[in-house]
Amino acid sequence: MSYDPRRVFRKLARNNRLANLRLHAACGRLSPAEFVAARNGFFPTICATLNHIYLVDLFYIDALKGGTRGPDIFAHGDPFADMSALQKAQSQLDDDLIAFVDTCTDIDLEADVRVHRAERVQQDRCDDILSHLFQHQTHHRGQVHAMLSGSSVKPPQLDEFIVDDDARVRKTELDALGWAERDLMFPEAKAYD
């Protein structure tokens, strides 16, 4: 089998969904006070960090789909004050990202994406924007993971979703989403055939 970037991005989109599911389940066990408690991190709270992940995902997914919302997405600060609402919104966004990636062809991945910034329009390849987005998500999930270390909730393992050998430890999340191993390891999509 030759290298297929579409398969890589499909796996990364699913990894993102599974890692968020596990991390959000842990954060859902925090008390409301712990969720907004001041902590050491790039953002001062778990709530603020998870909201940042959501907003940046929304920003880039909008751009990837040809949208022009740009910085308006960040205009109102943190949209979610409680974990359950944030988890629901992030789950929908994660599913939207999976759907987007599943329809990408090789030509789509090479195409330019226009990212509307405050005073300019950035232009980068779709595959580069996706790579940046997945890196951003991982970076900030790691910060939430570290913040959980100072809470009453044990930080969950977040790196068990890519390789075949981790099948037994991701079963709970796959079952929660109604996914089978084949959905993660060899995701099929309309454009993939």
Side-chain angles (χ1 to χ4, degrees), residues 1-24 41-44 46-80 86-146 158-159 161-163 183-193:
M1 175 185 233
S2 63
Y3 174 73
D4 184 350
R6 296 171 301 163
R7 179 178 182 272
V8 172
F9 288 120
R10 289 183 183 116
K11 287 186 74 170
L12 288 171
R14 284 160 177 79
N15 172 74
N16 174 65
R17 178 69 172 98
L18 291 164
N20 281 339
L21 180 68
R22 189 178 281 180
L23 183 62
H24 288 177
F42 192 81
F43 294 94
I46 290 172
C47 177
T49 306
L50 291 175
N51 271 283
H52 174 73
I53 293 169
Y54 172 81
L55 288 171
V56 171
D57 283 3
L58 186 61
F59 174 79
Y60 281 112
I61 292 169
D62 176 68
L64 287 163
K65 292 178 163 184
T68 60
R69 293 177 65 190
D72 289 347
I73 287 171
F74 303 101
H76 304 292
D78 294 345
F80 303 103
L86 194 152
Q87 182 176 17
K88 183 177 179 181
Q90 184 68 58
S91 296
Q92 181 58 53
L93 206 50
D94 293 347
D95 289 341
D96 289 348
L97 182 57
I98 290 169
F100 173 81
V101 170
D102 280 357
T103 62
C104 283
T105 64
D106 288 339
I107 293 169
D108 294 330
L109 290 174
E110 295 172 5
D112 284 336
V113 173
R114 296 171 57 84
V115 181
H116 292 258
R117 301 285 183 178
E119 297 175 6
R120 64 186 172 85
V121 176
Q122 169 189 341
Q123 195 162 305
D124 278 298
R125 285 173 49 127
C126 177
D127 54 358
D128 290 337
I129 295 290
L130 286 169
S131 294
H132 173 72
L133 179 57
F134 292 126
Q135 177 63 31
H136 180 269
Q137 295 162 341
T138 301
H139 169 69
H140 286 295
R141 272 195 302 266
Q143 292 172 345
V144 173
H145 186 274
L158 295 177
D159 64 348
F161 304 116
I162 294 288
V163 296
D183 296 323
L184 180 61
M185 300 314 293
F186 304 103
E188 297 176 10
K190 296 171 202 147
Y192 200 68
D193 296 327

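All of these numbers come straight from a predicted model, not from anything done at the bench.
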For Ser91 and Asn20, run side-chain contact (heavy atoms from CB on, under 4.5 Å): C-alpha distance rounded to whole Å, both residues' side-chain angles, the deciding distance at 0.1 Å, then the answer. CA-CA 8 Å; Ser91 296; Asn20 281 339; over 6 Å; no
Closest non-hydrogen atom pair between [X] and [Y], with its separation:
X: Leu58; Y: Leu93; result: N-CD2, 3.5 Å
X: Ala63; Y: Val113; result: O-CG1, 3.4 Å
X: Cys47; Y: Leu86; result: O-CD1, 4.3 Å
X: Ala48; Y: Phe43; result: CB-CB, 4.1 Å

Does anything in residues 114-140 form a salt bridge (charged side-chain N to carboxylate O under 4.0 Å, His left out)? List the pairs, not counting sequence neighbours.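 Checked against salt bridge (charged side-chain N to carboxylate O under 4.0 Å, His left out) - neighbours excluded - the pairs reaching residues 114-140 are Arg125-Asp127.
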Sorted by first residue and then second, give each salt bridge (charged side-chain N to carboxylate O under 4.0 Å, His left out) pair with at least one member in residues 90-101; sequence neighbours left out.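 Every salt bridge (charged side-chain N to carboxylate O under 4.0 Å, His left out) pair that includes a residue of residues 90-101, provided the two are not neighbours, is Arg17-Asp95.
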[atom1] of [X] to [atom2] of [Y]: how many Å apart, nearest 0.5 Å?
X: Leu109; Y: Ser131; atom1: CG; atom2: OG; value: 9.0 Å
X: Asp106; Y: Asp4; atom1: CG; atom2: CG; value: 6.5 Å
X: Ile53; Y: Leu133; atom1: CD1; atom2: CG; value: 10.5 Å
X: Thr49; Y: Gln143; atom1: OG1; atom2: CD; value: 6.0 Å
X: Gln123; Y: Ile129; atom1: CD; atom2: CD1; value: 10.0 Å
X: Asp112; Y: Gln122; atom1: CG; atom2: CD; value: 11.0 Å

Please enumerate all residues that pass ring-ring contact (aromatic ring centres under 6.0 Å, His included) together with [X], with sequence neighbours excluded.
X: His132; result: Tyr60
X: Phe100; result: none
X: His24; result: none
X: His116; result: none

Take Phe161 and Arg22, measure what side-chain contact (heavy atoms from CB on, under 4.5 Å) needs, and give me the verdict at the end. CA-CA 11 Å; Phe161 304 116; Arg22 189 178 281 180; 3.6 Å; yes
Is the shortest distance from a Lys or Arg side-chain nitrogen in Asp102 or Arg14 to a carboxylate oxygen in the other one below 4.0 Å?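 Yes.
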Any donor-acceptor pair under 3.5 Å from [X] side chain to [Y] backbone:
X: Asp62; Y: Arg69; result: yes
X: Asn15; Y: Lys11; result: no
X: Asp108; Y: Thr105; result: yes

Between Leu50 and Leu23, does the side-chain contact (heavy atoms from CB on, under 4.5 Å) criterion hold? Intermediate values first, please. CA-CA 10 Å; Leu50 291 175; Leu23 183 62; 4.1 Å; yes
Going through the distances and angles, do Val101 and Leu97 end up as a side-chain contact (heavy atoms from CB on, under 4.5 Å)? CA-CA 6 Å; Val101 170; Leu97 182 57; 4.1 Å; yes
Are the side chains of [Y] and [X] in contact, using a 4.5 Å heavy-atom criterion?
X: Leu55; Y: His52; answer: no
X: Lys88; Y: Phe80; answer: no
X: Tyr54; Y: Pro79; answer: yes

